[in-house]
Visitor: 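One structure follows; several queries about it will come next.
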Amino acid sequence: MIPIFMSIFFLSTASFILLLMVAAGVSYLAKYWKIPSTAALVAAGMLIAFAAKNGIIPFIDDFELTPDILFYVFLPILLFESAYTIRYKELLRNIRSISALAVVSLIISAFFIAFILQYILWWLGFDIPFIVTLLFGTLISSTDTAAALSIFKELWVPRRLNLIFEWESLFNDGTAIALFLVVLSVIESRATGWVPTIHINLYEHIINSFTYTVNAEWFPIIKGLLSLLSMIIFGIIIWASIWIIFSKVIQKIRNDSYLEITLSLALAHATFLIAELINHTILPVSWIIATVAAAMVLWNYGRYKISPKVEEVMERYWGFFAFVTNSLVFILVGMMLINLNVNWKPLILPILITIPVVILARAVSVYSVFWFLNFLKKEEQVPRSWQHVLSWWALRWGLAVMMVLLIPPDIILPEWHLRWVPIRDFLLSLTLGTVVFSIFVKTITIAPLVRHFKIDKLHDIEEFEYIEWRILMASEALTKIQKIREGGYIDADEANSLTAKYQKTLKKAREDAEELMKKHGENFWTLVRRVATLHALWIEKYWLRNMYKSNEIPEIVFKKIMKRVVLQIRRVERWESQILTVKTGEVKADIFERITEYIIDRLEPKIDPIKKQYLEIRTIHIIIEKSLAGLTDLGKIDFIGQREEFNEVIALYEGFRTQAEKERRLLFRTHKDFLRKLSASLTEKSLLSTEESILEDLAAKEIISPKLVLRFENNIWVRMEWRR
């Protein structure tokens with residue numbers, strides 16, 4: 001019997017645990033030394049692999065990054081976590097930029113690399129067939145999702161730039177894989193001395209029946225384009241439908257964070273796996289697009305079915321899953337770079353030529369696409385500084401390597417003249433050279449590039465808020481120092497020292513405010529009005545979510561009012577008026593919202609129209625009251641609170657409150673008995689939420705035992721369910 005410490009399972013487990021410890025340590029050191037964690041983790045992986053090869057920790061190789069582990073374990077988590085928090089409306093507002101980068105830009109880059117690389121290598125004496133350089137262009141032109149998502153979390157860039165590149169990374173993977181498979185199938189059809197592994201699904205049977213009606217040379221291309229369309233369309237339709245069903249299932253589970261998070265994790269992987277199963281048996285379906293579509297459906301539809309208090313916990317758990325996954329992927333990529341047996345020496349010159357060609361191809365594809373989009377003016381302009389960053393910020397990592405490894409190692413073309421190196425080894429060398437450059441040059445230089453173009457600078461509202469909250473925090477600190485001093489908890493000398501420190505901070509903040517006034521001139525007070533309005537709207541949004549979490553309002557009312565608040569926030573951010581009239585009108589729904597609302601209307605239980613109307617009016621009245629109370633904090637800053645522009649915002653919200661109160665009284669007059677009972681029920685729900693808050697406070701202070709906490713929780717939960 002093999003000793004436990006020598007078993008494969010034990011060594012693999014030990015390897016996994018060691019990699020987790022290394023990931024945590026390297027991430028901490030990277031943050032401490034202020035270097036990109038991605039590059040640090042890959043470098044750590046290379047050192048670990050080098051140590052294992054020299055017999056220091058030989059068992060570490062028992063856990064390695066294979067295509068199966070990357071695709072079926074890690075990638076679903078990374079894709080889901082990224083797409084989970086993005087609203088589809090943001091995607092639609094930038095759909096031209098995202099689709100242009102994910103499809104058009106990738107195709108331009110792939111063909112640019114194919115033509116230019118073939119010509120330069122031919123001029124240097126390397127006679128490479130065009131179809132081979134095109135295959136390399138398709139696999140190297142995609143931006144790696146894992147790399148992009150990890151670095152985004154370390155740089156403070158505008159949300160729109162973040163969104164454009166993040167979604168490009170998500171969608172161009174599907175495009176790249178589809179194009180790669182098309183080109184690979186062309187190569188396989190022309191290969192000699194090689195027998196491919198035949199795999200036929202239902203789609204293959206149907207499409208192959210048209211072989212004799214289409215030109216043999218064009219057939220693989222037509223077949224590949226149809227496969228691409230199938231991947232996109234069915235990837236979205238099938239898995240959006242499945243996740244709507246899942247959302248209905250998860251709705252039945254209330255306030256069980258472990259169960260709801262487990263279901264979301266299981267379904268993320270199930271979506272990926274079932275998509276792959278359909279891809280192999282019925283028709284082409286993109287696992288990437290399927291998982292992204294599933295996450296979008298869960299966030300834009302299903303998240304309202306998740307218990308409100310579990311939603312925040314779920315976001316933190318998914319953030320944790322993504323951190324662990326990203327860390328392991330980067331370490332394992334580093335190990336893979338060392339463990340792949342590649343003879344670099346004969347191919348140093350092609351590698352050195354390939355790197356600038358790939359960089360130039362990305363630049364050409366990005367600048368040309370955005371020149372055309374900006375010329376059309378159908379979408380918000382993309383600044384040239386953003387284009388510089390998008391051009392440089394094209395990272396190539398594990399996915400490119402995985403695609404190279406899908407090329408059969410023994411495939412041969414009649415026109416391939418480099419008999420001393422197989423096609424796959426040649427492309428693998430070029431790919432690894434580009435990957436190493438991305439890791440140790442691009443990731444290190446991207447942050448200075450962002451700072452050079454001032455892309456991470458504060459915009460006007462953020463500048464004002466930075467000064468505003470420094471004034472408020474310093475003022476509150478001075479008040480607290482005085483209270484502590486009066487209570488005898490600190491002596492006079494220490495109190496005077498702290499007072500002088502915060503008075504200095506307050507003085508500096510006021511001086512900065514004066515500088516901001518000079519910078520903006522008369523527009524400064526327009527800025528003050530914008531900030532005050534946004535504060536009020538954010539307070540509305542906070543209390544609206546709070547009421548939904550407390551089960552005081554149903555989903556349909558919450559979504560309707562939230563949509564109105566979000567629209568007003570967007571208008572103010574675009575320097576437009578908050579609303580057109582004091583009485584807020586209906587918000588137009590786009591086609592996707594109308595489809596969603598139609599489905600919800602068929603799936604959800606009906607709600608009494610009078611009850612719905614009253615809940616809307618009551619909710620608006622409450623959140624307006626909260627906003628007016630919250631604006632008093634901003635009014636504490638003397639040079640703001642005394643201004644006419646600030647008082648105009650107060651007056652506007654007082655008009656909202658008067659209008660809501662008038663509508664409430666009018667509705668009560670016509671439905672007095674019904675609304676009296678409803679008001680009593682809503683009051684009891686509010687009291688149950690208060691009980692729950694008191695219980696949480698008592699439990700946190702350990703004033704009552706866990707047994708009593710559980711008893712109280714069950715009692716409150718039963719009463720809440722009865723009131724729903």
Side-chain angles (χ1 to χ4, degrees), residues 87-90 251 299-309 311-312 533-573 576-590 592-594 596-601 604-631 649 652-668 671 675 678-679 681-683 685-686 689 724:
R87 293 173 175 83
Y88 80 91
K89 278 199 166 185
E90 293 179 323
Q251 184 182 10
W299 175 254
N300 291 277
Y301 170 72
R303 72 187 175 103
Y304 299 111
K305 311 301 178 187
I306 298 169
S307 306
K309 291 188 177 179
E311 185 183 338
E312 294 177 3
T533 305
L534 285 172
H535 277 219
L537 288 167
W538 288 328
I539 293 168
E540 284 186 57
K541 193 174 179 182
Y542 170 80
W543 283 105
L544 181 60
R545 290 182 63 83
N546 224 37
M547 292 180 71
Y548 179 63
K549 287 180 181 179
S550 303
N551 291 315
E552 291 185 52
I553 53 174
E555 177 187 341
I556 190 169
V557 172
F558 168 74
K559 289 173 73 175
K560 183 176 180 179
I561 300 175
M562 180 62 79
K563 183 167 64 174
R564 190 176 297 166
V565 172
V566 170
L567 178 66
Q568 291 178 16
I569 290 173
R570 290 201 194 109
R571 288 179 60 83
V572 175
E573 288 177 340
E576 299 173 7
S577 61
Q578 179 182 353
I579 55 168
L580 300 179
T581 61
V582 172
K583 184 174 180 180
T584 312
E586 292 295 319
V587 181
K588 281 189 176 181
D590 58 41
F592 292 95
E593 285 180 309
R594 290 197 291 270
T596 303
E597 287 169 3
Y598 176 82
I599 295 171
I600 291 173
D601 188 55
E604 297 296 323
K606 302 295 181 182
I607 182 171
D608 185 274
I610 302 301
K611 179 181 179 181
K612 179 185 173 185
Q613 186 181 358
Y614 177 75
L615 287 173
E616 288 177 13
I617 295 170
R618 177 180 180 272
T619 303
I620 290 171
H621 188 272
I622 290 172
I623 62 177
I624 292 299
E625 288 279 8
K626 297 294 185 181
S627 293
L628 282 167
L631 285 171
V649 178
L652 180 65
Y653 270 80
E654 286 175 346
F656 289 156
R657 180 174 60 186
T658 302
Q659 180 67 34
E661 181 60 31
K662 180 181 176 182
E663 292 180 359
R664 190 184 71 84
R665 285 199 302 267
L666 183 63
L667 196 63
F668 238 100
H671 302 86
L675 293 181
L678 179 59
S679 295
S681 175
L682 293 171
T683 302
K685 276 188 177 182
S686 180
S689 298
R724 285 179 63 192

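Note that the structure is predicted; figures quoted are calculated from it, not measured. The first residue of the sequence shown is numbered 1, and numbering continues consecutively from there.
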Visitor: Grab the two heavy atoms, one from L537 and one from I569, that are nearest each other, plus how far apart they are.
Guide: CB-CG1, 3.7 Å
Visitor: Take the angle between the ring planes of F668 and Y614 and call it parallel below 30°, perpendicular above 60°, tilted in between.
Guide: perpendicular
Visitor: Looking only at heavy atoms, what is the nearest atom pair of L667 and L675, with distance?
Guide: O-CD1, 3.5 Å
Visitor: Taking side chain as C-beta onward, heavy atoms only, is R570 less than 4.5 Å from V566?
Guide: yes
Visitor: Below 30° counts as parallel, above 60° as perpendicular, anything between as tilted: where do the rings of Y653 and F656 land?
Guide: perpendicular
Visitor: What is the distance from atom CD of E540 to atom CE of M562, rounded to the nearest 0.5 Å?
Guide: 10.0 Å
Visitor: So for atom CD1, which belongs to I556, do other residues, nucleotides or ligands contribute more than 12 heavy atoms lying within a distance under 6.0 Å?
Guide: no
Visitor: Once you round to the nearest 0.5 Å, how far does CG of L534 lie from CD of Q568?
Guide: 10.5 Å
Visitor: When rounded to the nearest 0.5 angstrom, what distance separates CG in L544 from CD in E552?
Guide: 11.0 Å
Visitor: List the atom pairs, with distances to 0.1 Å, where a side-chain N or O of residues 619-630 and a protein N or O form a donor-acceptor pair under 3.5 Å, not counting sequence neighbours.
Guide:
residue: T619; atom: OG1; partner: L615; partner atom: O; Å: 2.6
residue: H621; atom: NE2; partner: E661; partner atom: OE1; Å: 3.2
residue: E625; atom: OE1; partner: R657; partner atom: NH1; Å: 3.4
residue: S627; atom: OG; partner: A536; partner atom: O; Å: 2.9
residue: S627; atom: OG; partner: I623; partner atom: O; Å: 3.0

Visitor: Rounded to the nearest 0.5 Å, what's the gap from CD1 on I617 to CZ on R664? Could you check?
Guide: 9.5 Å
Visitor: Are the side chains of M547 and R618 in touch, meaning some heavy atoms are under 4.5 Å apart?
Guide: yes
Visitor: Is V649 close to H535 at the side-chain level, that is, under 4.5 Å between some pair of heavy atoms?
Guide: no
